[in-house]
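Reading through the structure tokens given below for one structure.
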Amino acid sequence: MFKNIVLAFVGLTGLVAAAPTSIQQRALTDAYRTYTGDGTAAAGWPDSAAWGEFEGLWSANLPLIRQSCGWNGWGADNSADEISHIKKAITQVSSETGVKSRFILLIMMQESKGCVRVPTTNNGVVNPGLLQSHNGSGTCAGVNPCPQSQIVQMIRDGVAGTSSGHGLKQLIAQTTAHYGSIQPAAYYAAARLYNSGSVDYSNLGNGFTSVACYASDIANRATGWTLAQSSCH
Ligand SMILES: *[C@@H]1O[C@H](CO)[C@@H](O)[C@H](O)[C@H]1NC(C)=O
């Protein structure tokens, strides 16, 4: 979080022919629509009925999780064990914190593409691990194999927060209080806060000094976007 650059995910369009689409209650589409405005369905953002379920979103992202380390030059691709530990860690930390597992997955794909060996970034605050947490202790940068304990720690740092800063849990509480109820806009606004530390509730495309497309990206990931060309600038 609090970063001025988005981790590059270059040259990947077209490398994966198709994501598995079976066993999904909601149709997921690998397409990108740029969303602007306040994050509400009235402004065109996907409401909760349009979001994929965790299992469907996991299946759609699995081909990326299998190859994202190599694609990005971050070391060996995730092993089958590491991938299984990522899925378990998301489910475990979701039950510990009450944050929806699919939201954790979407933020993980946005922050690290699901590569356990993602490098630590530092734009004033150190952001390590799968969720590029706020000065968390979990990281497997340069470490192979990545132990299960570190995978859980990386997810927990980003979701439960650290002694240095908020995680998704605190940010969702903050945005839910703003809206008066939990609703998709609260998730999109929390995504904005996770990335930039500030939110303009009337314009989630305001990235302050961070990534303007971040909240729009999360909305697209929620409906199945993985590798299609982004139209957001
Ligand atoms: C990061 O965490 C370390 C260890 O907990 C702490 O000493 C340091 O002050 C923290 N840095 C920031 C910028 O919060």
Side-chain angles (χ1 to χ4, degrees), residues 1-9 68-69 72-76 78 82 85-86 88-101 103-178 186-201 204-215 217-218:
M1 61 193 295
F2 305 128
K3 66 183 58 153
N4 298 316
I5 52 156
V6 66
L7 293 168
F9 197 24
S68 56
C69 293
N72 286 283
W74 295 336
N78 292 332
E82 288 169 338
H85 291 148
I86 293 171
K88 279 191 209 136
I90 291 175
T91 305
Q92 178 188 330
V93 173
S94 172
S95 355
E96 286 171 8
T97 58
V99 175
K100 278 187 197 311
S101 51
F103 187 61
I104 300 172
L105 172 64
L106 304 179
I107 297 287
M108 180 187 80
M109 293 312 296
Q110 183 75 15
E111 293 287 341
S112 67
K113 315 306 172 193
C115 171
V116 294
R117 279 169 282 284
V118 63
T120 299
T121 52
N122 187 346
N123 296 289
V125 174
V126 175
N127 299 137
L130 283 166
L131 289 172
Q132 299 280 284
S133 71
H134 194 128
N135 197 25
S137 60
T139 174
C140 271
V143 177
N144 185 17
C146 180
Q148 179 172 16
S149 58
Q150 282 299 309
I151 293 177
V152 172
Q153 191 64 47
M154 288 191 268
I155 300 294
R156 198 180 273 142
D157 287 343
V159 180
T162 68
S163 54
S164 303
H166 290 334
L168 297 175
K169 179 183 171 156
Q170 294 82 16
L171 299 174
I172 291 167
Q174 182 180 333
T175 58
T176 301
H178 170 83
Y187 285 99
Y188 303 137
R192 164 49 61 214
L193 278 169
Y194 193 71
N195 175 241
S196 45
S198 303
V199 59
D200 171 353
Y201 283 106
L204 300 184
N206 179 354
F208 297 87
T209 60
S210 295
V211 182
C213 299
Y214 196 100
D217 286 356
I218 294 298

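Side chains included, hydrogens not; waters and symmetry mates left out as well; all remaining heavy atoms used. Indexing begins at 1, ligand by ligand and atom by atom, following the structure's order. These numbers were taken from a predicted model, which means no experiment stands behind them.
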May I have every N or O pair linking ligand 1 to the protein at under 3.5 Å, one per line with atom names and distance?
from, atom 1, to, atom 2, distance (Å)
ligand 1, 2 (O), Asn135, ND2, 2.3
ligand 1, 11 (N), Asn135, ND2, 2.8
ligand 1, 14 (O), Asn135, ND2, 3.3
ligand 1, 14 (O), Ser164, OG, 3.2

(request) Taking Asn127 for its side chain and Asn122 for its backbone only, find out whether a donor-acceptor pair lies under 3.5 Å. (result) no
(message) Would the distance check show the side chain of Glu111 and the main-chain N or O of Met108 forming a donor-acceptor pair, the cut-off being under 3.5 Å?
(response) no
(request) Please list, chain by chain and in numerical order, all residues satisfying side-chain hydrogen bond (donor to acceptor under 3.5 Å, both in side chains) with Gln174, sequence neighbours excluded. (result) none
(request) Go through the structure and list residues passing side-chain hydrogen bond (donor to acceptor under 3.5 Å, both in side chains) with Asn78, not counting sequence neighbours. (result)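 With neighbours one apart ignored, the set is empty.
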(message) Any salt bridge linking Glu82 with Arg117? Criterion: basic side-chain nitrogen under 4.0 Å from a carboxylate oxygen.
(response) yes
(message) According to ring-ring contact (aromatic ring centres under 6.0 Å, His included), who are the partners of Phe208, at least two apart in sequence or on a separate chain?
(response) none
